[in-house]
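Given the structure is predicted, the values throughout are model-derived calculations rather than measurements. Each chain gets a letter, A, B and so on, in the order the sequences are listed, and its residues count up from 1.
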Amino acid sequence: MSTDLFKDLVSHSKEYGFIFPSSEVYDGLSGVYDYGPYGVELKNNIKTYWWRSMVQNHENIVGLDAAIMMHPKTWKASGHVDAFNDPLVDNKTSQKRYRADVLIEEGLEKIMAKAEKELEKARKRFGDEFDENKYKTENQRVADYIKQHDHLHGRFVTAMGKGDMPELKLIIEELEIADPVSGTRDWTEVRQFNLMFYTQLGNIAGEEGKLYLRPETAQGIFVNFLNVQKTTRQKLPFGIAQIGKAFRNEIIARQFIFRMREFEQMEMQYFIQPGTEMQWYNYWKETRMKWHLSLGTDPAKLRFHDHDNLAHYANAAVDVQFEFPFGFKELEGIHSRTDFDLSSHQELSGKKMQYFDPETNESYVPYVVETSIGLDRMFLAMMSNAYTEETVPDADGKDSTRIVLKFHPALAPVKCAILPLLKNNDDLTAMGRKIFDDLKFSFLCQYDEKDAIGRRYRRQDAIGTPFCVTVDHQSLEDQTVTIRERDTLKQDRIHISKIQGIVEEGISFRSLF
RNA sequence: GCGGGAGUAGCUCAGGGGUAGAGCAUUAGCUUCCCAAGCUAAGGGUCGUGGGUUCGAUUCCCAUCUCCCGCUCCA
């Protein structure tokens, strides 16, 4: 799909009530979007599919809905407080953005490399008699390098601790760091981006009242690990699943709903015996890919991507990537998180986060394999996978184009439309109404009598409705209707009593498992 | 933050120093027994915001805001 088609997809999403820009009447809010009437249906259906495949289909996976607000120490333990405060600096010439701390660390390493080079020369020169410590203090050049390094390193650590951005800028200048791309030292001010949002608990001023909005749902699972394990009498391995909002103050939120500041995750933490992590990592990798494929998603648009740089909590990580209109991007992450989180919480809280294993007769902190999928990304993946412009014959048998969302029927927002062939015929409309009133208790239906029948079909195609039931004159005689299938345009004449069964079979989640 | 693009009707866009247009959509009606764009009528816009030039600005100038795309990170 080209960029133009991506634009069309964004327009279509708005025009047909899937996604609206947030606060549009006030010119919008960057990186925040609202889900419209069809959007919320699609989103809920994705959640249902995930929840059923995780919780309902696994005896050893249970659900949880933890609060968004958590004790501040949670984020200290998780590493987010330290890892999510990036000082950033831009080079004005190359317009590249860098992490100031990374630049400085590299700069400091270069100084030490210079000193090491001198030492290496000296070692060769003096051979066995070489006294390295003595040389470090007595050789002026080496001593200067070390002194400069230690001095700047000290200032660097202090500045990072205090969040002193101007000081970081000064250090960059003193280190004479040049942009590797442009070669210039044309730097902007160093700015800090705290990737966690925070709010105030009560009216207490100062640090104590500072409360973060969770940047991931996982920590709610970890801190409830023992509560859940005990109340559900689970034995290892077992999992805890959660769907919920998370918040990240992204530097730049872009690409529609792909990267949002407020987003929703579907996470499952699988608690396992240490040493079995690779086995379960592979199991979930495979299981999750099957989950994606069973929706009928084009296999060419899905792939694994191994992480080169592992996050601070992981010892193995793979992404499930989807080919979005703007390229292959991360849709879901599967991480082997070791015992990092539970151990951290155990340490910081002073509470045991251990599992007593009756088989081995010992207690230990479980290891964790996580599957974490972005719900909004899944939504976008389903939209872009479904969005199709195609040529179909019109009333005269000529070519005409239609835009159709080819969702898996289980995900489609509206399941069935009931369409009387003519509006100005009371018998037809009354019968349509009656069918609608009967079906509406089973699944989401729409009754529509406006405009020509062809146009109504196209309207339903545009929101991805898998079935259209049309009431015509023959219906009045023998209680049959036509049922039209969205993708093939094929119509069958069936008895009214069969509609519910056919639609239910088509939209069933059962076929996905 | 820097660079680029763009803000005119619900959507897609045209226009142009003299007071705003099209197609689709919406509403009402007509027509039509199965795959969009048949007929009639109606509603809907302080042309992103503020300032300047001008008799007059949606149009020209300046500023500003917002959105979109690219640059680090992640679900």
Side-chain angles (χ1 to χ4, degrees), chain A residues 3 6-8 10-12 14-17 20-24 26-31 83-84 86 88-100 102 181 186-191 193 195 215-218 245-246 248-260 263-267 307 309 311 319-320 326 329-333 335 370-378 380 392-397 400-403 419-425 428 450-462 468 470-476 481-482 484 486 489 491 493:
Chain A
T3 318
F6 179 51
K7 274 187 169 175
D8 292 343
V10 174
S11 292
H12 190 87
K14 188 188 169 195
E15 191 169 355
Y16 287 90
F20 308 124
S22 164
S23 319
E24 207 186 1
Y26 293 109
D27 287 331
L29 187 60
S30 181
F84 266 27
D86 297 341
L88 299 179
V89 62
D90 295 343
N91 182 272
K92 291 177 188 168
T93 311
S94 69
Q95 291 163 27
K96 294 282 176 193
R97 167 166 291 169
Y98 301 90
R99 279 178 54 175
V102 172
V181 176
D186 192 11
W187 299 107
T188 62
E189 294 308 307
V190 179
R191 295 176 310 277
F193 288 86
L195 296 189
E216 63 173 17
T217 54
K245 293 257 180 156
R248 288 183 197 171
N249 198 4
E250 297 288 345
I251 303 157
I252 31 169
R254 283 290 158 79
Q255 278 150 338
F256 198 35
I257 58 170
F258 182 78
R259 180 177 291 111
M260 296 198 289
F263 62 104
E264 202 157 358
Q265 295 182 306
M266 304 190 288
E267 290 198 312
H307 275 226
N309 302 322
D319 291 341
V320 176
F326 37 83
K329 298 276 181 178
E330 179 176 2
L331 173 62
E332 172 160 10
H335 302 251
E370 161 192 278
T371 74
S372 174
I373 174 168
L375 174 54
D376 312 276
R377 288 184 180 183
M378 185 65 191
L380 184 57
V392 292
D394 68 7
D396 304 324
S400 70
T401 58
R402 71 162 182 166
I403 293 172
L419 316 169
L421 193 54
L422 301 175
K423 186 175 71 164
N424 57 2
N425 181 316
L428 291 180
K450 181 86 168 75
D451 295 315
I453 188 70
R455 191 189 295 242
R456 281 179 274 164
Y457 286 142
R458 296 297 168 86
R459 266 207 291 269
Q460 294 301 328
D461 290 341
C468 287
T470 304
V471 181
D472 59 15
H473 288 82
Q474 191 180 330
S475 309
L476 300 173
V481 292
T482 60
R484 168 199 187 256
R486 178 194 65 203
L489 303 175
Q491 285 183 302
R493 184 162 284 278

Take the protein atom [atom1] of [X] and the nucleotide atom [atom2] of [N], then report the distance between them rounded to whole Å.
X: Ile403(A); N: C24(B); atom1: CD1; atom2: P; answer: 15 Å
X: Leu422(A); N: U32(B); atom1: CG; atom2: P; answer: 8 Å
X: Asp461(A); N: C34(B); atom1: CG; atom2: C1'; answer: 13 Å
X: Arg459(A); N: C24(B); atom1: CZ; atom2: P; answer: 14 Å
X: Leu421(A); N: C34(B); atom1: CG; atom2: P; answer: 6 Å
X: Lys450(A); N: U26(B); atom1: NZ; atom2: C1'; answer: 8 Å
X: Arg486(A); N: C34(B); atom1: CZ; atom2: P; answer: 24 Å
X: His473(A); N: C33(B); atom1: NE2; atom2: C1'; answer: 6 Å

In whole Å, measure the gap between the [atom1] atoms of [N] and [M] for me.
N: G5(B); M: A9(B); atom1: C1'; value: 23 Å
N: G52(B); M: G17(B); atom1: C1'; value: 15 Å
N: C35(B); M: C68(B); atom1: P; value: 41 Å
N: G18(B); M: G1(B); atom1: C1'; value: 43 Å
N: U12(B); M: U19(B); atom1: P; value: 28 Å
N: A75(B); M: C13(B); atom1: C1'; value: 36 Å
N: A6(B); M: A14(B); atom1: P; value: 10 Å
N: G43(B); M: G29(B); atom1: C1'; value: 15 Å

Nearest-nucleotide pick for [X], side chain only, options being [options]:
X: Asn424(A); options: U32(B), A75(B), C34(B); value: U32(B)
X: His335(A); options: C35(B), C34(B), A75(B); value: A75(B)
X: Arg458(A); options: C35(B), A75(B), U26(B); value: C35(B)
X: Arg377(A); options: U32(B), A75(B), C34(B); value: A75(B)
X: Glu330(A); options: C34(B), A75(B), U32(B); value: A75(B)
X: Arg493(A); options: U12(B), C34(B), A75(B); value: C34(B)
X: Lys14(A); options: G10(B), A75(B), C34(B); value: G10(B)
X: Phe6(A); options: C73(B), C34(B), C69(B); value: C69(B)
X: Tyr457(A); options: U26(B), C35(B), C33(B); value: C35(B)

For [X], report the nucleic acid contact type (base, sugar-phosphate, nothing); a contact means any heavy atom under 4.0 Å.
X: Ile453(A); answer: sugar-phosphate
X: Ser372(A); answer: sugar-phosphate
X: Glu267(A); answer: nothing
X: Phe256(A); answer: sugar-phosphate
X: Leu419(A); answer: nothing
X: Arg484(A); answer: base
X: Met260(A); answer: base

Strictly by modelled atom types, are Ser11(A) and Asp8(A) linked by a side-chain donor-acceptor pair under 3.5 Å? no

Donor-acceptor pair under 3.5 Å, Thr482(A) side chain vs C34(B) base: yes

Is any side-chain N of the basic residue among Asp376(A) and Lys245(A) closer than 4.0 Å to the acidic one's carboxylate O? no

Got a salt bridge between Asp319(A) and Lys329(A), using NZ or NE/NH1/NH2 to carboxylate O under 4.0 Å? no

Is [X] reaching over with its side chain to a backbone N or O of [Y], donor-acceptor style, under 3.5 angstrom?
X: Gln491(A); Y: Thr482(A); result: no
X: His473(A); Y: Leu428(A); result: no
X: Arg484(A); Y: Cys468(A); result: no
X: Arg456(A); Y: Lys450(A); result: yes
X: Glu267(A); Y: Ala218(A); result: yes

Would you say the base of A75(B) stacks on Phe263(A) (centre-to-centre below 5.5 Å, plane angle below 30°)? yes

Respond yes when some side-chain nitrogen or oxygen of Ser11(A) is under 4.0 Å from OP1 or OP2 of U12(B), and no when none is. yes

For a side chain to side chain contact (heavy atoms under 4.5 Å, CB included) check, start with the C-alpha distance between Tyr457(A) and Leu419(A), then their side-chain angles and the critical distance, and finish with the verdict. CA-CA 9 Å; Tyr457(A) 286 142; Leu419(A) 316 169; 3.6 Å; yes

Compare every heavy atom of Lys14(A) with every heavy atom of Pro21(A), then report the nearest pair and how far apart it is. CD-CD, 4.3 Å

Between Gln491(A) and Asp376(A), which is nearer to the 5' end of RNA chain B once each is assigned its nearest nucleotide? Gln491(A)

Asp451(A) or Gln474(A), whichever maps to the more 5' nucleotide of RNA chain B: Asp451(A)

Strand RNA chain B in bracket notation, Watson-Crick/G-U under 3.5 Å with | for pairs to another chain: (((((((..((((....[..)))).(((((.......))))).....(((((..]....))))))))))))....

